[in-house]
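In what follows, a structure is listed as structure tokens, so that the remarks can point back to it.
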Protein chains: 2
Amino acid sequence: MAIKKQRAVRRTDALSKERIVEAAIEILDSDGEGALTFRTLAAHLATGSGAIYWHVANKDDLLAAATNDVIARVMADLAGGARPREAIRALALGLFDAIDAHPWVGTQLSRAPWLAAIPQIFEGFGSRLEELGVPEGAQFDATSTLVIHVLGVAGQNAANARLHAHRTDRTAFLSEIAQQWAQLDPARYPFVHRVAAQLPEHDDREQFLAGIDLILGGIEAAHPGPSPRT
Amino acid sequence: MAIKKQRAVRRTDALSKERIVEAAIEILDSDGEGALTFRTLAAHLATGSGAIYWHVANKDDLLAAATNDVIARVMADLAGGARPREAIRALALGLFDAIDAHPWVGTQLSRAPWLAAIPQIFEGFGSRLEELGVPEGAQFDATSTLVIHVLGVAGQNAANARLHAHRTDRTAFLSEIAQQWAQLDPARYPFVHRVAAQLPEHDDREQFLAGIDLILGGIEAAHPGPSPRT
DNA sequence: CATGGGAATGGAACAACATTCCATCATTGC
DNA sequence: GCAATGATGGAATGTTGTTCCATTCCCATG
């Protein structure tokens with residue numbers, strides 16, 4: 001009854017959590033994680049920092065909302081029902097691409113396991129594993145391994161992005177690290193030495209997917225389901 | 001020649017990077033990540049914050065040194081040469097236990113891929129996979145999948161620890177999350193619903209190891225080595 | 001044995017930040 | 001119309017990482 005004439009409250013440019021989150025995402029995407037402060041955000045919204053706190057509990061709350069926003073969009077785009085294994089790969093790649101496009105999402109995911117986005121991701125992987133024929137007792141471990149892989153890559157990607165921001169391009173940066181690795185004692189680090197050469201030219205996305213396939217392979221090897229067709 | 005009488009410089013309690021890192025680790029371990037500031041550190045060392053900057057570039061430098069310190073100790077303890085697969089599991093568990101004991105290490109690992117500790121971890125896993133008979137072309141992907149799993153769990157563990165700090169015990173905290181998960185729409189989140197019950201009582205360490213085994217299973221399934229004995 | 005200069009020190013000062021406070025304004029139910 | 005509540009915006013507040021700088025210590029050189 002009280003919700004009668006709740007038309008556009010105040011001016012058309014009234015503040016709201018949605019508008020604040022939207023502005024925050026813009027700042028994060030265009031200028032990076034370090035650029036989001038309540039001052040820049042207030043300036044962007046042409047208001048004061050105090051007003052923002054009326055709609056948002058604190059910075060963590062704001063970042064969580066922004067992260068959930070991005071992830072929810074990804075999950076919505078991936079409703080389609082391909083075969084389970086393909087659906088898992090598609091979901092993983094969708095998440096990777098979103099994290100790659102918004103590196104700050106990676107930072108959030110890797111430090112906030114209680115985010116609303118997490119059960120969504122869990123559901124996405126878990127229900128597909130169910131379809132794949134993974135026995136119930138093994139679903140939790142298998143799903144969490146997939147989720148951990150996504151979150152792990154998310155964190156590393158975000159960390160890399162924090163460096164790229166003020167450095168040269170990605171390949172040059174990886175070459176620097178490869179050079180450091182190549183300078184380690186070859187007797188004690190033979191493997192690192194061998195791999196250093198592949199570092200600058202490797203594709204993060206392909207390596208991420210290779211990891212997903214490895215895990216899926218392990219799951220199928222442990223539980224050869226009733227359907228041998230992958 | 002110039003390095004002649006460089007005995008104990010200054011007083012016996014002279015500042016040094018080692019002593020600073022040592023003190024930082026003490027603070028991090030006993031009072032958590034949030035407790036480490038240059039002021040508390042200076043108080044702990046009975047000096048001023050300016051003096052610390054003579055030995056340490058900045059806070060990131062300090063945290064990196066502390067992290068490398070802890071990881072280097074773990075790696076040193078695990079030199080032993082069991083069979084490759086067992087060695088990989090032992091290394092993974094060693095890292096998990098260290099991260100579990102020092103959650104702040106997890107935070108660092110999941111946000112700093114250029115740490116000196118990373119190539120050490122890479123070498124640890126990679127050289128064992130070589131022994132396992134994984135072909136050279138597949139070693140990079142397989143190793144990075146194992147490393148990502150460790151780093152992913154590291155980040156999640158650290159995030160959980162940040163919450164426990166001021167809450168009740170761990171089981172109670174997981175029960176809270178499980179309750180939130182259980183309140184989601186069962187029609188849209190059937191899997192999450194089923195898994196919520198297992199959440200409070202599950203063992204992070206076992207689940208971590210299950211993930212490692214899943215990945216190892218995938219590696220072996222993809223590359224059935226010359227040695228069928230695991 | 002003095003002494004000058006670089007290595008170290010410690011604490012004050014600075015800038016940036018998240019957050020809180022509060023005086024003010026707009027809107028709405030009465 | 002008027003009080004009460006919903007929102008606002010900007011000025012404090014307290015804490016942080018970092019810088020600055022006057023001072024102290026030690027060593028090599030005269």
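A, B, ... follow the sequence lines: proteins, then strands. Residue 1 opens every chain. Bear in mind the structure is a predicted one, so any value in this text is a computation, not a measurement.
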Do [X] and [Y] make a side-chain contact, defined as non-hydrogen atoms from C-beta onward lying under 4.5 Å apart?
{"X": "B:I52", "Y": "B:L62", "answer": "no"}
{"X": "A:L146", "Y": "A:L129", "answer": "yes"}
{"X": "B:H149", "Y": "A:H149", "answer": "no"}

Mind checking what makes side-chain hydrogen bond (donor to acceptor under 3.5 Å, both in side chains) contact with [X], not counting sequence neighbours?
{"X": "A:N157", "answer": "A:D100"}
{"X": "B:D29", "answer": "B:H102, B:W104"}
{"X": "B:Q139", "answer": "A:R194, B:E130"}

task: Kindly state which residues belonging to residues 33-44 of chain A come within less than 4.0 angstrom of DNA chain C, counting heavy atoms of the residue only, listed by number.
output: A:L36, A:T37, A:F38, A:R39

message: Any residue in residues 54-63 of chain B with a heavy atom nearer than 4.0 angstrom to DNA chain C? Just list them by number, or reply none.
response: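 Heavy-atom contacts with DNA chain C come from B:W54, B:H55.
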
task: Return the residues of residues 24-31 of chain A meeting this criterion: a heavy atom under 4.0 Å from some atom of DNA chain D. Order them by number, or give none.
output: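 Heavy-atom contacts with DNA chain D come from no residue of residues 24-31 of chain A; none.
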
message: For DNA chain D, which residues of residues 102-110 of chain A approach it to below 4.0 angstrom with any heavy atom?
response: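 Heavy-atom cutoff 4.0 Å gives no residues at all.
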
Whole-Å gap separating C1' (D:dA11) and OH (A:Y53): 15 Å

field: B:D204: salt bridge (charged side-chain N to carboxylate O under 4.0 Å, His left out) partners, not counting sequence neighbours
entry: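 B:R170.
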
Partner residues of A:F96 under the ring pair (Phe, Tyr, Trp, His ring centres under 6.0 Å) criterion, sequence neighbours left out: A:F208

task: Please list, chain by chain and in numerical order, all residues satisfying ring pair (Phe, Tyr, Trp, His ring centres under 6.0 Å) with B:F140, sequence neighbours excluded.
output: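 Result, ring pair (Phe, Tyr, Trp, His ring centres under 6.0 Å) vs B:F140: A:H202.
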
Inter- and intrachain pairs under ring pair (Phe, Tyr, Trp, His ring centres under 6.0 Å), touching residues 178-201 of chain B, at least two apart: A:F122-B:W181

task: Could you name each residue pair satisfying ring pair (Phe, Tyr, Trp, His ring centres under 6.0 Å) that touches residues 49-79 of chain A, not counting sequence neighbours?
output: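 Ring pair (Phe, Tyr, Trp, His ring centres under 6.0 Å) check on residues 49-79 of chain A returns A:F38-A:Y53.
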
message: Show, in sequence, the C-alpha distance, side-chain angles and deciding distance for B:D61 and B:K17, and conclude whether the salt bridge (Lys or Arg N to Asp or Glu O under 4.0 Å) test is met.
response: CA-CA 10 Å; B:D61 181 31; B:K17 187 155 184 177; 3.3 Å; yes

